[in-house]
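Below, chain A is the first sequence line, B the second, and so on; all start at residue 1. Note: hydrogens, waters and symmetry copies are ignored here, and every other heavy atom, side chains too, is used.
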Number of protein chains: 2
Amino acid sequence: MKGERKEEILATASMLFSERGYNAVSMRDLAEALGIKAASLYNHIDSKKELLSTIVLSVAEEFTEGMNEIISSKTRTEEKLKAVIDLHVKITVEKSTDLYSLNNDWMHLKEPELSYFLDMRSCYEDNFRKILKQGVKLKEIEKLNIEVMLFSILSSLRRLNQWYSKKKGISESELSKQMKHVLLKGIIQN
Amino acid sequence: MKGERKEEILATASMLFSERGYNAVSMRDLAEALGIKAASLYNHIDSKKELLSTIVLSVAEEFTEGMNEIISSKTRTEEKLKAVIDLHVKITVEKSTDLYSLNNDWMHLKEPELSYFLDMRSCYEDNFRKILKQGVKLKEIEKLNIEVMLFSILSSLRRLNQWYSKKKGISESELSKQMKHVLLKGIIQN
DNA sequence: TAAATTAACTAACAATCGTTAGTTATGCAA
DNA sequence: TTGCATAACTAACGATTGTTAGTTAATTTA
């Protein structure tokens, strides 16, 4: 098959990037992990930065699509927020290493990919903000600072992959359930 | 004065690292930001990695000390957790750029500094875990997965600096108050 | 079977990296 | 005024970076 080897390269790159960061992984490191020489990589890919942008943009698009579905659904605020958490948990489980680059190495994207990424991220956050704002208006959500709520929840969801990749013994559905309680209802017994 | 220039170098390095990441900032970049040549830096510092470890370890020690005080205080669980949040907010406001390196570039530390850092981090998390476990036992905290609670709250607190450095118009005390509500009591209206 | 494609290789490139050596101008202490 | 420490400089080092050129062996296609 055609792009079969390219998929292997992308998967290996994603794993190495997630362990050491984009800039700390050389093309020679990547090649060695695949059992070939660095120059041979260029039979399959164009450049190192192509690896990063392919990894990052693919996940970013997945988030964008997921969020668009949630926004257009006619459900209550709490259901929308739970769907957002499910989206993050699902992508975390399926694309753990890709998420590392999205969270930590997006700034090393070059134009025009950088702008494309930043646009998607802004759009995603804006949709999230809308859900929260509407929730407050409908009195389904506490009247707190929107930006603090947004940032706080997103931080936890975005870091999920780095925690999940180390911790075993918790299923996707259990993780999802726990996260919903912690993020939405807090931890203090009342 | 003696180490005056070194402080300038450290502050500038911290700022650049927080913008681009440790590996993406060269000694020539750093020198240029200070208006001198790269070689001149070595009149004041020993190496690039010394910059990183000084920045990271100094903040890590501040967290360690703060947590040790909290642990040994004879207060209720909720008060302890609020004190932890205050600690993070305070350091975020005071050492925003240093926190970036601690969160994102600690893996580029070399031994023995790396082990020292990892020990402090483990210790910090373990103390945090103890607070949560005791809270559950005393029924002051919901009986949820300890690791999920720990990871979720810490993720938000650790990312605080990257959000705070961009958002103006919120005071330290207001931020602290909002974070306590969001992290401890959740956002859903009940 | 002959031709063409694929995917590996060796060798090397220009650029950049952190760092060292040696030099020079400045300003303070003796 | 002389001597010394400070902090800048220029020049260069060996190592490593991403990448290209050219070659070769194996496999697929005609």
Visitor: Does any donor atom in the side chain of B/Asp98 or B/Ser14 lie under 3.5 Å from an acceptor atom in the other side chain?
Guide: yes
Visitor: At what angle, to 10 degrees, do the two end axes of the helix from C/dT1-D/dA30 to C/dA30-D/dT1 meet, given five pairs define each axis?
Guide: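 Overall, the helix from C/dT1-D/dA30 to C/dA30-D/dT1 bends by 0° from one end axis to the other.
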Visitor: Tell me, please, which residues at least two apart from B/Thr12 pass side chain to side chain contact (heavy atoms under 4.5 Å, CB included).
Guide: B/Leu16, B/Leu30, B/Ala33, B/Leu34
Visitor: Quick one: list whatever passes side chain to side chain contact (heavy atoms under 4.5 Å, CB included) with A/Ala11, sequence neighbours left out.
Guide: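 Expected list: none.
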Visitor: Which residues within residues 45-53 of chain B lie with some heavy atom under 4.0 Å of an atom in DNA chain C?
Guide: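 When residues 45-53 of chain B is checked for heavy atoms under 4.0 Å from DNA chain C, the hits, listed by number, are B/Ser47, B/Lys48.
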Visitor: Just jot down the ring pair (Phe, Tyr, Trp, His ring centres under 6.0 Å) partners of B/Phe17, sequence neighbours excluded, or say none.
Guide: B/Tyr22
Visitor: May I ask you to verify if any side-chain N or O of A/Arg5 is less than 4.0 angstrom from the OP1 or OP2 atom of C/dA8?
Guide: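 Looking at the OP1 and OP2 atoms of C/dA8, one of them is under 4.0 Å from a side-chain N or O of A/Arg5.
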Visitor: Does A/His44 put a side-chain nitrogen or oxygen below 4.0 Å from OP1 or OP2 of C/dT6?
Guide: no
Visitor: Can you tell me which residue pairs pass the salt bridge (Lys or Arg N to Asp or Glu O under 4.0 Å) test with a partner in residues 177-190 of chain B, sequence neighbours excluded?
Guide: B/Asp86-B/Lys180
Visitor: Sequence neighbours excluded, which residues qualify as side chain to side chain contact (heavy atoms under 4.5 Å, CB included) partners of A/Tyr42?
Guide: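 With sequence neighbours excluded, A/Tyr42 shows a side chain to side chain contact (heavy atoms under 4.5 Å, CB included) to A/Met27, given in chain and number order.
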Visitor: Here's a test of your reading of the structure: between A/Val25 and A/Asn43, which maps to the more 5' nucleotide of DNA chain D?
Guide: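 This one resolves to A/Val25.
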Visitor: With sequence neighbours left out, what residues match B/Tyr124 under ring pair (Phe, Tyr, Trp, His ring centres under 6.0 Å)?
Guide: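 Ring pair (Phe, Tyr, Trp, His ring centres under 6.0 Å) list for B/Tyr124, sorted by chain: B/Phe63, B/His88.
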Visitor: Starting at atom OH of B/Tyr42, determine the distance to atom C1' of D/dC13, rounded to an integer number of angstrom.
Guide: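 The answer, rounded to whole Å, is 13 Å.
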Visitor: Below 3.5 Å, can you tabulate the donor-acceptor pairs from side chains in residues 129-138 of chain B to any protein atom, sequence neighbours excluded?
Guide:
unit_1	atom_1	unit_2	atom_2	d
B/Arg129	NE	B/Asp126	OD1	3.4
B/Arg129	NH1	B/Glu147	OE1	2.8
B/Arg129	NH1	B/Glu147	OE2	3.0

Visitor: So which pairs with a foot in residues 133-157 of chain A pass ring pair (Phe, Tyr, Trp, His ring centres under 6.0 Å), sequence neighbours left out?
Guide: A/Phe151-B/Trp163
Visitor: In whole angstroms, how far is the P atom of C/dC9 from the CE atom of A/Met27?
Guide: 14 Å
Visitor: With sequence neighbours left out, what residues match B/Asp119 under side chain to side chain contact (heavy atoms under 4.5 Å, CB included)?
Guide: none
Visitor: Of the residues in residues 30-41 of chain A, which ones touch DNA chain C at a heavy-atom distance under 4.0 Å?
Guide: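 Output list: A/Ile36, A/Lys37, A/Ala39, A/Ser40.
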